Structures are given as C-alpha cells and as structure tokens.
Amino acid sequence: MPDAPVVVAVDGPAASGKGTLARRLAEHLGFAYLDTGLLYRAVARRVIDGEGDPADGAAAARAARALEPGDLAGEGLREETVTQAASAVAADPGVRAALLDFQRAFAAAPPGGAPGAVLDGRDIGTAVCPDAAVKLFLDASPEVRAGRRVRELRERGSNAIYAAVLRDMETRDARDRGRAVAPLAPAEDAFVIDTSTMNADEVFREALAHFDARTTSRK
Ligand code: DC
C-alpha cells in the first residue's frame with residue numbers, strides 16, 4: 001500500500017502570513033494546497049447573494065450544504081463584507097460540520113495524487129486534521145497584521161485607513177477566537193511562529209526546518 005499522505009496544518013489569525021507560507025510549502029514539497037478560508041467565504045457569498053443574514057445559523061448551514069466546487073472560484077470572495085460574513089457563518093456548528101468532510105477528504109486523498117497536502121485555516125491542527133504530521137501556528141501582533149493588510153489593500157488600489165482595518169481585524173479575531181466550536185487556537189503540539197518581525201523568507205525557512213525535523217523523526 002502507498003504511504004498515507006503527509007498532512008501539514010497551518011493555522012493562525014488574519015494576515016499572520018499563513019496563506020503565503022502554506023502556498024510556498026505546498027509548492028516546495030509538491031503537495032496539494034487548500035485555503036480553507038475560501039470555503040467559509042464561499043458560504044458567506046451564497047448567503048449574501050440569497051439576501052440572507054450571515055448570523056442566521058440555519059440559513060448559513062443550508063448554504064454550506066449546497067456549496068459546489070465552482071463557488072470557490074467565485075467573484076469578490078475577498079471583499080470586506082464577505083470577509084466579515086465569513087467569520088459570522090464560521091461560528092455556526094452546522095456550517096462547520098458541513099465543511100468538515102470536504103476538508104478531510106482533501107487531506108486523505110490530495111488531488112492529482114500528490115504525496116501530501118497543506119491546509120491553512122483556523123482549526124486544521126485542532127479539529128479538521130488533529131493527526132496532521134506537522135502543525136504550524138503563525139501569529140503576529142494585531143498592529144503588525146493590520147499594517148500588512150493596509151499595504152496589501154493599497155497595492156490593490158484601495159485607499160484603506162489603518163484605524164478602520166485594525167478595528168475590523170480585531171472584531172474578526174475576537175469572533176474567531178471566541179466561538180464555541182473549533183475556535184482559533186494553537187493545537188497543543190503546534191509549532192508556533194511569531195512572524196511580527198520576520199519576512200516571508202525567514203518564516204519559510206523556519207517552517208521548513210520544523211517540517212524536516214518532524215518528518216525525519218517519523219521515518
Ligand atoms: O483565512 P480567511 O481570512 O480567508 O478566513 C475567513 C474566515 O473564515 C475567518 O474569519 C474564519 C473562518 N475560517 C474558519 O473558521 N476556519 C477555517 N479553517 C478557515 C477560516
């Protein structure tokens with residue numbers, strides 16, 4: 001029987017650098033990559049498009065059950081209204097349950113027959129893949145993360161205001177960390193990297209060294 005796929009969980013709050021790291025690790029290792037935040041964003045988009053309320057758990061869970069792969073390539077998934085709504089729908093246990101199978105199936109049988117999968121999100125190491133071979137948790141101060149997000153938005157042509165971005169980020173962090181089901185938190189066995197004063201190359205090198213140490217010791 002072929003070896004079971006190697007699963008890498010990358011969790012952390014918004015703008016901690018987890019997306020950049022996860023994509024880069026997947027590319028370097030030849031693993032499949034899943035941005036699980038996109039699933040919650042696509043559910044939020046469906047609720048908004050149906051003129052529903054993202055805080056209405058039953059409507060959100062219906063949208064999650066109706067999700068189709070094409071929704072992940074939908075327009076405007078990174079808009080601020082969708083961002084906040086994604087965090088709201090993510091608090092509903094029915095939504096989380098509906099998305100669990102898709103994420104676990106991706107990790108168990110990575111598309112394209114890849115030998116492993118990198119999943120980034122908030123609860124990969126704690127709830128989706130608690131047996132992941134490698135668990136990384138990225139963090140940074142709210143001020144640093146808001147500064148990164150402002151730069152990113154300005155590069156895309158928006159005249160983002162730092163104070164507003166910081167406030168929105170803190171609202172979302174509080175909701176993601178405070179929800180009853182699968183809140184944002186490092187797994188007990190996660191390797192935590194504070195990226196506040198690191199650049200993307202430094203984060204990548206540190207994460208890869210941890211990956212190598214974990215996977216070599218398992219052989
Ligand atoms: O990673 P992101 O910013 O695209 O995620 C959008 C929202 O989705 C986030 O505020 C919380 C939710 N989310 C989650 O609850 N669990 C995940 N594994 C990924 C995202």
Side-chain angles (χ1 to χ4, degrees), residues 7-26 32-48 54-55 57 60-61 63-64 67 71-107 117-130 132 135-140 142 144-146 148-150 152-153 156 160 165-187 190 195 203:
V7 177
V8 182
V10 184
D11 290 304
S16 55
K18 65 184 188 311
T20 303
L21 172 66
R23 248 188 307 276
R24 203 160 155 187
L25 276 177
Y33 167 59
L34 180 64
D35 170 359
T36 65
L38 268 188
L39 300 171
Y40 294 89
R41 288 173 182 272
V43 171
R45 176 93 261 170
R46 263 188 180 260
V47 173
I48 293 169
L67 206 67
D71 293 345
L72 302 183
E75 295 263 307
L77 294 181
R78 308 246 163 234
E79 283 168 12
E80 186 53 29
T81 43
V82 176
T83 301
Q84 289 296 341
S87 173
V89 301
D92 182 73
V95 169
R96 306 201 73 83
L99 300 181
L100 205 53
D101 285 352
F102 179 86
Q103 298 171 83
R104 287 191 175 152
F106 187 98
V118 183
L119 285 79
D120 85 44
R122 303 288 188 291
D123 63 337
I124 309 303
T126 52
V128 178
C129 302
K135 297 182 185 180
L136 299 160
F137 189 92
L138 269 52
D139 211 347
V144 167
R145 293 188 289 114
R148 286 179 188 155
R149 184 50 49 83
V150 166
E152 203 179 285
L153 290 168
R156 283 196 247 145
V165 170
L166 178 61
R167 189 197 54 219
D168 289 349
M169 197 168 264
E170 287 180 329
T171 305
R172 190 149 73 102
D173 279 357
R175 209 191 286 122
D176 293 344
R177 289 185 205 272
R179 66 177 175 235
V181 187
L184 167 66
T195 69
V203 176

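All ligand and atom numbering here is 1-based and tracks the order in the structure. Keep in mind it's a predicted model, so treat the numbers as computed, not measured. One-based numbering along the sequence shown. Heavy-atom basis, side chains included; hydrogens, waters and symmetry copies ignored.
Within the structure, ligand 1 has Arg96 among the residues with a heavy atom less than 4.0 angstrom away.
The protein heavy-atom contact nearest to atom 12 (C) of ligand 1 is Ala90 CB, 3.7 Å. Here the protein heavy atom with the shortest distance to atom 1 (O) of ligand 1 is Arg122 NH1, 2.8 Å. For atom 8 (O) of ligand 1, the nearest non-hydrogen atom of the protein is Tyr40 CB, 3.4 Å. Nearest to atom 6 (C) of ligand 1 among the protein's heavy atoms is Arg172 NH1, 3.6 Å. Among all protein heavy atoms, the one lying closest to atom 19 (C) of ligand 1 is Thr36 OG1, 3.4 Å. Scanning the protein heavy atoms around atom 4 (O) of ligand 1, the nearest turns out to be Arg41 NE, 2.7 Å.
For Glu152 and Arg156, the salt-bridge test passes: some basic side-chain N is under 4.0 Å from an acidic carboxylate O. Under a 4.0 Å N-O distance rule, the pair Arg46/Asp71 qualifies as a salt bridge. Under 4.0 Å is where a charged nitrogen must lie from a carboxylate oxygen, and between Arg78 and Asp35 at least one such pair does. A salt bridge is absent between Arg122 and Asp11: the closest approach of a Lys/Arg side-chain nitrogen to an acidic carboxylate oxygen does not fall below 4.0 angstrom. Using a cut-off of 4.0 Å between Lys/Arg side-chain N and Asp/Glu carboxylate O, Asp92 and Arg179 are scored as not salt-bridged.
Of all the atoms in ligand 1, the ones that sit under 4.0 Å from a non-hydrogen atom of Lys18 are 1 (O). Every atom of ligand 1 with a heavy atom of Ser87 under 4.0 Å away is listed here by number and element: 10 (O).
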Using the salt bridge (Lys or Arg N to Asp or Glu O under 4.0 Å) rule, take Glu75 and Arg45 through it: C-alpha gap first, then chi angles, then the decisive distance, then the call. CA-CA 9 Å; Glu75 295 263 307; Arg45 176 93 261 170; over 6 Å; no
Worked check of salt bridge (Lys or Arg N to Asp or Glu O under 4.0 Å) between Arg23 and Asp120: CA-CA 9 Å; Arg23 248 188 307 276; Asp120 85 44; 5.7 Å; no
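The side chain to side chain donor-acceptor pair (under 3.5 Å) test applied to Asp139 returns no partner, not counting sequence neighbours.
In terms of polar-atom proximity, defined here as any N/O pair under 3.5 Å, Asp120 makes no such contact with ligand 1. Checked against a 3.5 angstrom limit, the closest N/O atoms of Arg179 and ligand 1 fall inside it.
Counting heavy atoms closer than 4.0 Å to ligand 1, residue Met169 contributes nothing at all.
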